[in-house]
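Proteins get letters first, then strands, A, B, ... in listed order; numbering begins at 1 in each. The figures here come from the full heavy-atom set of this structure, side chains too, leaving out hydrogens, waters and symmetry mates.
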Amino acid sequence: MKNNYEDRTVCVYPLTANIRKKETVAMLLAGGQGSRLGALTTKMAKPAVPFGGKYRIIDFALSNCTNSDIDTLGVLTQFQPLELNSYIANGQPWDLDRINGGVYVLPPYMSAKAGEWYKGTANAIYQNIAFVEQFEPEYVIVLSGDHIYKMDYSLMIEFHKKNNADATIAVQTVPMEEAGRFGLMITNDDNEIIDFEEKPENPRSNNASMGVYVFNWDVLKQHLIEDEANPGSSNDFGKNIIPAMLASGDSMYAYTFNGYWKDVGTVESLWEANMDLLNEGSPLNLYDSDWHIYSRNPVMPPHYAAKGAEVSESMITEGCIVEGRVDNSILFAGVVVIKDAVIDNSVIMPNTLIGSNSRVNYSIVAENVIIGNDVVFEGGSPSNISVIGPGAVIPDGSVIPEGARLSAEDAEKL
Amino acid sequence: MKDAFGLIISGNEEQELRDLTMIRSIAAVPIAGRYRVIDFYLSNLVNSGVNNVGVITYRNYHSLMDHISGGVEWDLSRKRDGLFMLPPMVQASTNSGFYKGTAKALNGVRNYISRCSQNICILHTDCRTIFNTTYYEAYESHIASGADITLMYNTTKNTLKKPSKSEIRIKTDDDGRIVDMFRYQTYKQSDQICMDIFFINKSTLIRLVDDCIMKGGSDFIQDILIPNLELLDVRGFHYAQPAYKIDTLEGFFQTNLAFLDSNIRYQLLEESGPVYTKVKDEVPARYSKTSKVANSLVTDGCVVEGSVENSLLFRGVQVAKGAVLKNCVIMQECQIQANAVLENVILDKKCTILRGRRLVGTESYPMVVIKGSTI
């Protein structure tokens with residue numbers, strides 16, 4: 001800021017001099033518990049759940065931001081934030097440790113007048129209006145931290161600018177018979193949104209909202225303030241903000257994204273998304289050197305396959321030791337498969353040990369689990385996946401029934 | 001170890017790794033799947049609580065600079081101290097862009113040494129030993145003995161290979177003082193091998209280097225240490241853990257294969273602390289229906305469809321269906337096409353072996369394929 005002071009021009013820097021204007025700020029919603037993931041999310045929020053051998057679910061949204069040249073983002077946490085806080089830390093693995101901008105973890109906080117939890121997705125952004133305002137952005141992109149997808153947000157922002165829109169909502173074309181599970185956008189021929197339906201019985205469209213929104217910040221801010229003043233509102237983007245914007249005649253567009261996109265809300269869908277990676281020609285190409293998915297790396301040696309190990313159609317990460325047989329499975333860092341153990345169609349999360357002669361089938365075994373010797377997982381199928389929660393110790397010779405959901409406490413009773 | 005700083009001379013003129021060190025210094029040679037030789041040196045220092053590390057580069061230091069960059073991965077990107085890359089300075093009068101000898105290199109970084117706020121220098125005059133340690137014990141012994149210089153040595157018990165010509169052996173008297181040093185060729189009786197690691201007081205180091213340069217010397221061991229063995233109190237510190245020299249191709253090959261032993265792997269990569277290296281964000285390794293793997297180390301980014309036995313695959317190696325690898329060290333981003341057969345082979349980075357080709361070396365003389373070749 002320039003001032004004239006006794007005929008001299010002096011520069012007076014504001015206190016926040018290191019904060020520069022940003023065209024776009026991303027707000028990443030990462031507060032959800034993901035209660036349908038059961039034992040996997042009792043101690044960590046859903047976005048922190050391990051995925052795909054060396055990632056966590058939130059790595060996809062974070063890496064998308066980095067690869068889309070969005071370098072300023074707030075991560076809104078609420079439920080069990082410890083794991084997520086320490087995972088994101090200064091943002092260095094995603095190149096988000098910046099002098100201007102970077103990643104900020106934003107938990108709910110107390111202020112002089114009041115303090116409260118985030119009441120809904122819209123309220124979470126409302127409580128952080130001051131955070132966004134520091135960067136004086138034109139646009140805010142609202143993302144969800146629990147989806148698996150690779151998406152170039154910069155193309156969506158281009159689309160938003162070209163249409164002179166107030167809001168742009170990313171949609172995915174889903175089969176008509178499944179459309180009823182989603183929030184649906186009804187559009188005209190120009191992709192302009194003319195109506196919106198939340199999980200309707202008789203869908204009029206199959207454009208499902210992906211929970212990725214681009215807003216003009218001024219317009220969104222106004223709506224957030226009005227929404228907050230309405231005590232009857234549940235302060236949710238889908239339920240309240242989008243309908244209110246439609247009602248007030250804001251210009252809204254649907255941006256169609258038909259790449260791989262998966263909401264891993266249930267144990268079965270989490271298992272399935274992991275298995276998708278094992279398909280040759282998987283629609284989610286992780287080998288794209290222009291679109292790396294970044295993650296915080298554990299410091300571990302290459303994995304070791306012993307004499308007598310058999311590995312087929314699987315993904316195995318650094319730090320693993322494989323002496324037994326692994327087929328159609330994903331092993332995370334530091335997993336140990338002892339001699340004669342057999343793992344089929346399963347996802348084994350970090351630092352878990354599978355004892356000798358045990359057979360694991362159609363399961364998600366969480367991190368730091370010890371499965372003793374001669375443990376048998378019965379049956380199982382893609383629609384009936386067993387889950388062993390973090391830190392569980394399964395005694396030698398246990399029999400795990402098909403589709404079991406065992407937390408560490410349950411395992412003590414075995 | 002608050003009062004110590006590390007100084008690493010990243011390889012010198014006597015390099016015997018043939019094609020592997022033609023394009024890079026020995027410190028930058030890839031090893032054990034995902035590391036470079038210097039990772040062991042940096043990690044040992046960092047795991048000992050040393051926060052000030054200078055790396056002196058010789059010629060061909062691109063590869064090394066690219067690997068270390070700002071030192072973030074070793075937690076050496078600091079405001080107070082941290083990592084200092086010390087490439088040769090081109091000065092018309094004193095040198096021509098690279099150092100001829102370790103003493104000349106030390107003279108070239110005299111300013112850095114005298115500026116360090118710590119008093120004890122942990123000097124590494126070469127990067128040709130693979131070991132995993134912390135220096136606490138050696139440091140304590142250096143301080144307690146009041147020696148001018150403490151030299152770390154190991155014995156032939158903890159080595160893998162035949163000694164190389166350039167290997168330096170030491171002779172100690174009953175008090176643990178070093179009385180003489182020899183090339184292995186000339187003195188075969190001693191089983192004590194110099195590890196090229198010295199604990200030395202900063203002011204002593206500067207004085208000795210100045211003196212050596214004045215007298216026209218150029219090498220730390222030859223021209224500083226050996227002539228002064230009578231005048232100075234030089235003591236040995238016996239390092240009893242595995243320390244594998246990679247100063248010959250055979251040694252390099254055997255050291256790599258030694259990592260297949262889980263005890264050695266534990267001793268070299270975990271026991272005294274993790275070995276840090278540059279993070280590449282590769283996808284986990286992937287196996288197909290046809291893959292066979294036994295007694296091998298496989299790194300992230302690999303795709304294995306063929307058969308791999310007693311081998312190390314570095315990051316991003318592709319082994320196609322029907323290819324057979326035995327006793328091989330395959331560096332980053334090599335492609336082995338269908339039905340190729342490789343035995344006792346070291347492939348440098350980014351090599352392509354076309355379909356059905358057959359490359360066979362021997363255990364004591366592995367075949368080395370130069371970086372980027374297509375065969």
Side-chain angles (χ1 to χ4, degrees), chain A residues 51-55 59 63 66 90 92-95 97 274 277-280 282 284-289 291-323 326-336, chain B residues 31-35 39 43 46-47 70 72-75 77 132 259-262 265-266 268-270 273-305 308-318 333:
Chain A
F51 177 83
K54 67 187 296 186
Y55 311 98
D59 285 331
S63 303
T66 303
N90 68 347
Q92 186 265 334
W94 304 270
D95 229 354
D97 51 337
N274 272 290
L277 296 174
L278 296 177
N279 282 337
E280 237 163 286
S282 152
L284 183 67
N285 175 16
L286 297 177
Y287 293 85
D288 183 350
S289 57
W291 209 271
H292 267 299
I293 303 300
Y294 303 100
S295 61
R296 189 172 287 279
N297 271 47
V299 182
M300 290 197 183
H303 76 257
Y304 176 68
K307 210 171 190 168
E310 288 177 56
V311 188
S312 60
E313 295 188 273
S314 294
M315 278 171 95
I316 300 187
T317 319
E318 286 164 351
C320 291
I321 296 175
V322 182
E323 297 174 356
V326 181
D327 183 35
N328 200 37
S329 297
I330 294 186
L331 307 191
F332 286 70
V335 168
V336 179
Chain B
I31 191 161
R34 64 192 292 264
Y35 308 95
D39 293 339
S43 301
V46 170
N47 289 334
V72 178
E73 270 94 358
W74 299 266
D75 209 9
S77 172
N132 181 224
F259 279 92
L260 297 176
D261 180 298
S262 45
R265 199 163 60 240
Y266 175 73
L268 291 181
L269 292 174
E270 282 165 72
V275 179
Y276 301 96
T277 189
K278 188 172 174 178
V279 169
K280 286 277 170 94
D281 294 292
E282 297 274 9
V283 185
R286 188 152 145 178
Y287 292 88
S288 79
K289 226 175 211 151
T290 52
S291 43
K292 284 205 178 65
V293 59
N295 192 30
S296 294
L297 281 173
V298 181
T299 314
D300 281 3
C302 289
V303 179
V304 181
E305 294 173 344
V308 180
E309 194 188 336
N310 295 337
S311 297
L312 289 93
L313 306 187
F314 290 48
R315 287 161 165 163
V317 169
Q318 296 181 18
E333 293 168 55

Task: Smallest separation among heavy atoms of A:Pro298 and B:Arg34, with atom names - done: O-NH2, 4.5 Å

- [ ] Determine the minimum heavy-atom distance between A:Val299 and B:Val275, stating which atoms define it.
- [x] CG1-O, 3.2 Å

Task: Candidate pair A:Glu310 and B:Tyr287, rule side-chain contact (heavy atoms from CB on, under 4.5 Å), full reasoning - done: CA-CA 10 Å; A:Glu310 288 177 56; B:Tyr287 292 88; over 6 Å; no

Task: Max heavy-atom pair count under 4.5 Å with chain A, selected residue of B:Val304, B:Asn310, B:Leu312, B:Val298 - done: B:Val298

Task: Best-contacting candidate, A:Val311, A:Thr317, A:Leu286, against chain B by heavy atom pairs under 4.5 angstrom - done: A:Val311

Task: Contacting moiety of A:Ala305, where chain B heavy atoms sit under 4.5 Å - done: both

- [ ] Take A:Tyr304 and B:Asn295 through the test side-chain contact (heavy atoms from CB on, under 4.5 Å) and record every step on the way to the result.
- [x] CA-CA 7 Å; A:Tyr304 176 68; B:Asn295 192 30; 2.4 Å; yes

Task: Between CD on residue B:Glu282 and CG on residue A:Asn297, distance to nearest 0.5 Å - done: 10.0 Å

Open item on the list: Which one wins on heavy-atom pair count under 4.5 Å against chain A: B:Gly33, B:Ala32, B:Ala285?
Closed with: B:Ala285

Task: B:Leu260 versus chain A, the contacting section by heavy-atom distance below 4.5 Å - done: both

TODO: Can you measure from OG (B:Ser296) to NE2 (A:His303) and round to the nearest 0.5 angstrom?
DONE: 9.0 Å

Open item on the list: Taking side chain as everything from C-beta outward and backbone as N, CA, C, O, which of these in A:His292 sits under 4.5 Å from a heavy atom of chain B? Side chain, backbone, both or neither.
Closed with: side chain

Open item on the list: If you compare all heavy atoms of B:Val283 against all heavy atoms of A:Tyr55, which two are closest, and at what distance to 0.1 Å?
Closed with: CA-OH, 3.7 Å

Open item on the list: Under a 4.5 Å cutoff for heavy-atom pairs, which residue among A:Pro93, A:Ser289, A:Gly53, A:Ser314 has the most contacts with chain B?
Closed with: A:Ser314

- [ ] Side chain from CB out, backbone as N, CA, C, O: work out which of these in B:Val308 comes under 4.5 Å of a heavy atom of chain A, or both, or neither.
- [x] neither

Task: Atom pair CE (A:Met315) and SG (B:Cys302), whose distance is rounded to the nearest 0.5 Å - done: 12.0 Å

Task: A:Leu277 versus chain B, the contacting section by heavy-atom distance below 4.5 Å - done: backbone

Task: Heavy-atom closest contact (A:Glu280 atom, B:Glu305 atom, distance) - done: OE2-OE2, 4.1 Å

Open item on the list: Report which part of B:Leu297 has an atom under 4.5 Å of a heavy atom belonging to chain A: side chain, backbone, both, or neither.
Closed with: both

TODO: Measure across A:Leu278 and B:Arg286 and return the closest heavy-atom pair with its distance rounded to 0.1 Å.
DONE: O-NH2, 4.1 Å

TODO: Apply salt bridge (Lys or Arg N to Asp or Glu O under 4.0 Å) to B:Asp300 and list each qualifying residue two or more places apart in sequence or on a separate chain.
DONE: A:Lys54

TODO: Between chain A and each of B:Ser291, B:Gly301, B:Gly316, count heavy-atom pairs under 4.5 Å; write down the option with the most.
DONE: B:Ser291

TODO: With sequence neighbours excluded, tell me which residues meet side-chain contact (heavy atoms from CB on, under 4.5 Å) with B:Glu309.
DONE: B:Ala294, B:Lys326

Open item on the list: With a sphere of 6.0 Å drawn around NZ of B:Lys292, does it hold more than 12 non-hydrogen atoms of other residues, nucleotides or ligands?
Closed with: no

- [ ] Could you pull out the closest heavy-atom pair between A:Pro302 and B:Tyr35, with the gap in Å?
- [x] CD-CE1, 4.2 Å

